[in-house]
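Reading through the structure tokens given below for one structure.
So that the names make sense, note that chain A is the first sequence line, chain B the second, and so on, each numbered from 1. All values reported here derive from a predicted model rather than from experimental measurement.
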2 protein chains.
Amino acid sequence: MDMRKLVGRNFARLRREKDLTQEQIEERSGISQQYLSGLERGQRNPTVITLYELAQALGVDHIELVRPSDEDAKG
Amino acid sequence: MDMRKLVGRNFARLRREKDLTQEQIEERSGISQQYLSGLERGQRNPTVITLYELAQALGVDHIELVRPSDEDAKG
DNA sequence: TTAGTTTATCAACTATAATATGTATTTAAG
DNA sequence: CTTAAATACATATTATAGTTGATAAACTAA
């Protein structure tokens, strides 16, 4: 189970659904665009505080880290 | 919102509900008893990978980080 | 009390999360 | 094609996550 990829994929998806750029997330959260780029590519292992700050920047109030189904895990 | 305290309180509660010691969690997860002590006292900011390893050691497959109610936040 | 178990504290250390800066690459639009 | 915006890449630095070892403190039971 690659938590980096799980978090990265979900963050990227949510950011795009809300039509926000990495720069806009940086403005809202103070987390650098370069870091966000690495995060979305599954190269980062954020702390729970960083995860919470990202959720706030996305306007999300409920973070779930669920063991993905076998089907999901394949990709 | 103090994520350290939120995670620490919930981890300690779940661990006790399952009658596990910090040492037993160390055996299962490889995360040191000293670290777990600090975590439960709200002094640690774990990464998502550490959080996932802790969840596995507890036998939990669903992690939720929810913005607590005002009432909960008081304590 | 004693002994055993569990948790907390301390210090030194290693690994890596996160920042800062600059730049290169990609992508979309004219 | 050009241009601008968005994203990816590289490097160096700082802050802190997490380990290790030893030990102190707290708690329970005999």
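When the options A:Arg4, A:Arg15, A:Lys5 are evaluated for a salt bridge (Lys or Arg N to Asp or Glu O under 4.0 Å) with A:Glu40, the one that passes is A:Arg15.
A side-chain N or O of B:Gln22 and one of B:Gln33 form a donor-acceptor pair less than 3.5 Å apart.
Helix bend of the helix from C:dT1-D:dA30 to C:dG30-D:dC1: the angle between its two end axes, each built from five pairs, comes to 50° after rounding to 10°.
Side-chain N/O atoms of B:Tyr35 include none lying less than 4.0 angstrom from OP1 or OP2 on D:dT19. In this structure, A:Ser32 does not reach the C:dA18 phosphate: none of its side-chain N or O atoms is under 4.0 Å from OP1 or OP2. Contact annotation: A:Thr47 side-chain N/O to D:dT16 OP1/OP2 distance is not under 4.0 Å.
Residues forming a side-chain hydrogen bond (donor to acceptor under 3.5 Å, both in side chains) with B:Gln34 (at least two apart in sequence, or on another chain): none.
Straight-line distance from the CZ atom of A:Arg44 to the C1' atom of C:dA18: 7 Å, rounded to whole Å. In this structure, the CD atom of B:Gln43 is 9 Å from the C1' atom of C:dT9, given to the nearest Å. Distance CD1 (B:Ile31) to P (C:dT14): 21 Å, rounded to an integer number of Å.
Between A:Val60 and A:Lys18 the shortest heavy-atom distance is CG2-CE, 4.3 Å.
In terms of modelled atom types and a separation under 3.5 Å, the side chain of A:Arg28 and the main chain of A:Ala57 share a donor-acceptor contact.
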For nucleotides 6-8 of chain C, tabulate all protein N/O to nucleotide N/O atom pairs closer than 3.5 Å, reporting atom names and distance.
unit_1: C:dT7; atom_1: OP1; unit_2: B:Arg15; atom_2: NH1; d: 2.8
unit_1: C:dT7; atom_1: OP1; unit_2: B:Arg15; atom_2: NH2; d: 3.2
unit_1: C:dT7; atom_1: OP2; unit_2: B:Gln22; atom_2: N; d: 2.9
unit_1: C:dA8; atom_1: OP2; unit_2: B:Gln22; atom_2: NE2; d: 3.0
unit_1: C:dA8; atom_1: OP2; unit_2: B:Ser37; atom_2: OG; d: 2.9
unit_1: C:dA8; atom_1: O5'; unit_2: B:Ser37; atom_2: OG; d: 3.4
unit_1: C:dA8; atom_1: N7; unit_2: B:Gln33; atom_2: NE2; d: 3.1
unit_1: C:dA8; atom_1: N6; unit_2: B:Gln33; atom_2: OE1; d: 3.2

